[in-house]
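Quick note on labels: first sequence line is chain A, next is B, and so on, each numbered from 1. Quantities reported herein were computed from a predicted structural model and do not represent experimental measurements.
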There are 2 protein chains.
Amino acid sequence: MSAAKNVLFIMADQLRADYLSCYGQRRLATPNIDRIASMGVRYTRAYTSSPVCGPARMSLYTGRNAFSHGATWNFIPLDIGTWTLGDYLRPHGVRVALAGKTHMRADAQGMARMGLDPKSSLGVLASECGFEPFERDDGEHPNQNFNPDLAYNRWLRSKGYESPNPWNDFANSGMAKDGTVLSGWALRNAGHAARVAEEHSETPYMTDRAIDFMRETGDTPWVLHLSYIKPHWPYIAPRPYAGMFGREDVMPAVRHARERAGHPVYAAFQNMQIGQTFSRDETRETVIPTYMGLVKQIDDHLGRVLAYLESSGRMKDTLIIFTSDHGDYLGDHWMGEKELFHEPSARVPLIVHDPDPRANATRGTTDDRLAEGIDILPSILDYMGVPVPTHRVEGRSLLPGIRSEPGSQSWREAAFSEIDYALYKARQTLGVAPEKARAYMLRTDRWKYVWYKGFRQQLFDLQNDPQELEDLGESAAHAGILSEHQGLLLERFTDRRNRVTMSDADVEARTDGARKVGVIIGEW
Amino acid sequence: MSAAKNVLFIMADQLRADYLSCYGQRRLATPNIDRIASMGVRYTRAYTSSPVCGPARMSLYTGRNAFSHGATWNFIPLDIGTWTLGDYLRPHGVRVALAGKTHMRADAQGMARMGLDPKSSLGVLASECGFEPFERDDGEHPNQNFNPDLAYNRWLRSKGYESPNPWNDFANSGMAKDGTVLSGWALRNAGHAARVAEEHSETPYMTDRAIDFMRETGDTPWVLHLSYIKPHWPYIAPRPYAGMFGREDVMPAVRHARERAGHPVYAAFQNMQIGQTFSRDETRETVIPTYMGLVKQIDDHLGRVLAYLESSGRMKDTLIIFTSDHGDYLGDHWMGEKELFHEPSARVPLIVHDPDPRANATRGTTDDRLAEGIDILPSILDYMGVPVPTHRVEGRSLLPGIRSEPGSQSWREAAFSEIDYALYKARQTLGVAPEKARAYMLRTDRWKYVWYKGFRQQLFDLQNDPQELEDLGESAAHAGILSEHQGLLLERFTDRRNRVTMSDADVEARTDGARKVGVIIGEW
């Protein structure tokens with residue numbers, strides 16, 4: 001690296017774009033996140049590569065669609081052969097580290113096949129999808145089968161929260177007036193305050209760890225993935241964020257009775273427990289205020305991060321990316337959680353602050369290009385001055401756009417997202433085989449199109465129906481639009497980068513090269 | 001393994017199906033290959049997974065399309081993470097070995113990333129796409145940059161052929177009457193006899209090595225890939241095969257003047273040197289008799305292999321597969337070599353002899369199901385009693401059909417093939433970027449459809465135009481057929497097996513399983 005350059009890649013988990021004030025939330029002010037937007041570019045039409053944690057994250061860390069990287073759902077191991085951000089940057093002397101969640105599951109079988117010891121330094125990196133695990137923390141696991149010795153649990157005990165699993169029993173539990181401990185796993189308890197002091201809850205803890213990392217690393221170039229596990233469920237917040245918002249702050253659900261008898265896959269998801277629970281007003285009125293509190297808490301602690309960057313002088317050489325892995329239906333469209341492609345689920349916040357003076361002209365602006373999760377990795381490489389390996393990376397750097405470089409206005413015409421719903425009850429309800437449970441979304445300027453394997457297509461007119469309440473997938477009048485999007489989907493699939501073992505430059509150099517190695521083809 | 005079971009997987013390189021007498025060749029009798037057909041099933045509509053050596057072979061050895069395995073052309077390394085035949089069988093005590101050509105190039109970068117020594121036993125297997133290299137031989141390399149110490153060269157020297165590269169100077173050269181040595185690399189020399197005795201030429205040498213392997217391995221279960229490098233160019237044969245056929249045996253070229261101004265990609269290929277050279281009658285009349293001689297030679301030596309199987313008692317427990325990696329245009333359609341999707345190039349011979357008594361009813365029959373190269377690996381696993389890993393393998397076992405099992409008549413409705421033409425001069429002529437040089441073929445019962453990235457589609461009516469001389473890709477009357485095939489292509493792409501790190505059975509067992517690990521989602 002020539003000059004000191006760093007990247008702070010901040011992610012909130014399950015954060016809907018429209019729950020930030022810079023994205024239009026009127027009842028919840030997020031001044032610190034808004035400040036990043038005011039210093040950078042805010043993307044208004046950014047989509048997750050897959051509306052579920054695991055595959056979305058693996059797309060962020062590899063720059064490849066789930067269709068290509070194959071870790072298509074939570075806890076599907078990322079194939080040992082897949083290159084990640086750390087592989088690209090570490091050889092350049094960059095410290096690439098994690099504070100928080102990745103949802104990575106190691107490819108134990110692949111490592112065994114290669115004779116790679118999971119505890120060796122290579123094995124640890126391969127197990128953590130290329131991140132040095134400065135602090136790995138995938139969230140609360142009630143029966144501790146994930147890791148019985150989490151650093152956060154040890155830390156809570158050091159602060160006096162005595163329990164084998166204080167995360168579960170204090171940070172993720174409330175208390176009734178009669179002293180009964182109430183689990184944060186039950187949505188009905190979302191309105192109770194967590195049994196920890198605010199400074200001992202998850203978000204400040206991980207913020208401290210991020211600041212520790214930046215302080216410790218000093219002038220060595222670094223990329224830190226600060227990956228908050230909130231506002232993802234369990235929905236429970238400490239005081240003062242518990243109780244900060246009330247039912248009067250809850251917007252009406254975006255939904256229509258006609259959606260009930262909609263697309264078969266969509267219907268099967270509505271009929272899962274989560275959809276049924278979130279279709280009740282009581283759930284929304286209990287959960288959403290807490291969700292808002294958790295977002296507010298993240299914003300407050302990001303204020304500390306920004307202050308550290310300022311005071312340490314790092315603000316001027318650190319690229320800041322703020323995004324989420326996917327949204328949260330929160331009862332819209334008769335759904336909870338994520339998984340499908342309506343805007344509350346598939347759309348994500350994306351804000352990029354590039355300290356380079358070439359980005360001055362775009363500070364505080366919005367960009368409506370169709371951005372995707374896979375664009376993050378090439379943007380980071382681009383900022384760090386490392387060429388983007390276009391034979392593997394399927395996303396595109398956002399930096400030329402941010403720096404108004406010539407040609408940067410040419411961009412993709414459709415954003416892509418996808419889901420492998422094999423592991424949901426909905427798949428079994430529908431009688432679909434595990435390998436057939438796939439759906440693919442394209443969002444173009446005006447339309448949102450979803451192609452389901454084995455089922456009919458969906459189509460929404462985002463211009464005339466921005467709330468996506470009318471599915472035009474069977475509309476004869478839209479046959480041309482449907483066919484056009486089918487063609488775009490073929491284009492997208494065939495954009496897949498599969499020739500991962502030879503760079504495009506190598507291919508160019510070797511083209512028509514048989515004669516150079518003495519092989520003479522087709523000469524009389 | 002319960003009883004002794006073996007597989008002899010024989011491949012000829014660049015062998016057109018219609019140059020075998022069992023496939024209708026009238027001037028060239030191939031009684032030994034025909035005998036395998038009489039003992040087994042002959043597939044009349046089998047297609048290569050890619051009409052070029054490297055990707056076709058990697059599809060055979062992985063059971064995955066090139067679209068998935070990514071070794072999309074010759075010398076593109078097979079990603080170190082990809083599982084091959086040897087990975088699946090070796091743990092079951094099967095010796096999986098190679099005698100001949102694979103066209104594998106090791107993924108040196110991938111091995112380095114995993115800290116895997118290429119010279120370790122795991123490294124060697126990874127370098128040879130999972131085969132024990134009993135005899136690796138990818139054909140003649142004039143400047144010996146591939147391997148300066150080939151076993152066949154050493155052996156030739158031991159037989160008195162003195163030269164640093166006797167393969168080039170004797171086995172691949174002829175001699176003019178005046179004593180001038182004539183290189184087999186020049187097509188004009190194809191009619192000359194090679195400067196080796198027949199028993200010292202490539203095909204008998206490799207046949208001997210295969211018999212050596214079977215003798216040495218005895219009763220240990222084995223899979224041997226006997227992979228002849230002929231009748232692939234250089235087109236030169238030893239006596240008596242040189243001169244065995246003449247210009248009177250050469251069939252007229254299948255071609256039409258209207259093809260000259262055809263599809264842009266097709267036109268660019270026609271205009272490469274190989275197409276121009278093979279469009280001359282002189283080339284066809286010189287090369288094709290030699291090509292026929294080389295096929296005849298393979299057939300004769302396969303007679304020795306069959307005799308060995310009989311005499312050793314192995315015929316009754318050995319599955320025999322005979323196929324080719326792709327065909328050879330030989331001047332048809334104004335083309336030489338392969339690469340595109342006309343029948344002479346994309347169609348391959350495929351014959352399977354299953355010794356199991358359950359296959360008795362189909363012996364000597366033909367099957368017109370749309371078979372593909374990717375079906376070979378699952379057929380081998382099926383025969384060896386090893387479950388097919390359906391989360392990785394994209395082909396289907398042919399054995400249920402051969403054994404007339406219930407349900408086996410249900411089969412795919414389209415055969416798929418593909419090409420990455422990035423490394424051809426045609427790509428540069430067309431001004432196409434390396435990552436965009438892709439085309440995909442679907443052959444259905446009646447139609448052949450080709451989707452080119454960035455160019456118009458092609459369509460042939462194989463019922464009314466079996467010679468594929470009329471391209472209907474721009475026919476308005478066929479818009480419905482074109483659109484239907486576009487839909488089939490979407491189906492095919494989304495059949496890709498990308499979730500390679502978790503089996504379908506594991507997925508089924510884990511479906512809707514959050515609660516089992518203590519995670520409670522969506523409960524009030």
What part of [X] gets closer than 4.5 Å to chain B, counting heavy atoms only: side chain, backbone, both or neither?
{"X": "A:Leu116", "result": "side chain"}
{"X": "A:Arg392", "result": "side chain"}
{"X": "A:Phe493", "result": "both"}
{"X": "A:Asp420", "result": "side chain"}
{"X": "A:Glu523", "result": "both"}
{"X": "A:Asp504", "result": "both"}
{"X": "A:Arg499", "result": "both"}
{"X": "A:Ala190", "result": "neither"}
{"X": "A:Arg113", "result": "both"}

Notebook entry, point to check: Are the side chains of B:Arg438 and A:Thr494 in touch, meaning some heavy atoms are under 4.5 Å apart?
Noted result: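 B:Arg438 vs A:Thr494: side chains apart.
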Checklist line | Close side-chain approach of B:Ile80 and A:Met114, heavy atoms under 4.5 Å | finding: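 Result yes, sub-4.5 Å side-chain heavy-atom pair found.
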Any chance you could measure [X], atom [atom1], to [Y], atom [atom2], to the nearest 0.5 Å?
{"X": "A:Asn498", "Y": "B:Phe67", "atom1": "CG", "atom2": "CZ", "value": "6.5 Å"}
{"X": "B:Leu78", "Y": "A:Thr501", "atom1": "CG", "atom2": "OG1", "value": "7.5 Å"}
{"X": "A:Trp83", "Y": "B:Gln109", "atom1": "CH2", "atom2": "CD", "value": "4.0 Å"}
{"X": "B:Asn189", "Y": "A:Trp524", "atom1": "CG", "atom2": "CH2", "value": "8.5 Å"}

Note to self: Can you tell whether the side chains of A:Glu491 and B:Lys436 come within less than 4.0 Å, N to carboxylate O?
What the structure shows: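 Salt bridge flag = no for B:Lys436 with A:Glu491.
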Check: Does B:Lys453 pair with A:Asp495 as a salt bridge, N-O distance under 4.0 Å?
Finding: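 Looking at B:Lys453 and A:Asp495, the cut-off is met.
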Item checked: Among the listed options B:Asp79, B:Ile76, B:Leu490, the residue most often paired with chain A at heavy-atom distances under 4.5 Å ->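 It is B:Leu490.
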Item checked: Selection from A:His69, A:Arg105, A:Met111 maximising heavy-atom pairs under 4.5 Å formed with chain B ->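 Max contact count across the listed options: A:Arg105.
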Margin query: Looking only at heavy atoms and a cut-off of under 4.5 Å, which of A:Ala71, A:Ser120, A:Ala186, A:Ser183 has the most pairs with chain B?
Written below: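 Heavy-atom pairs under 4.5 Å are most numerous for A:Ala186.
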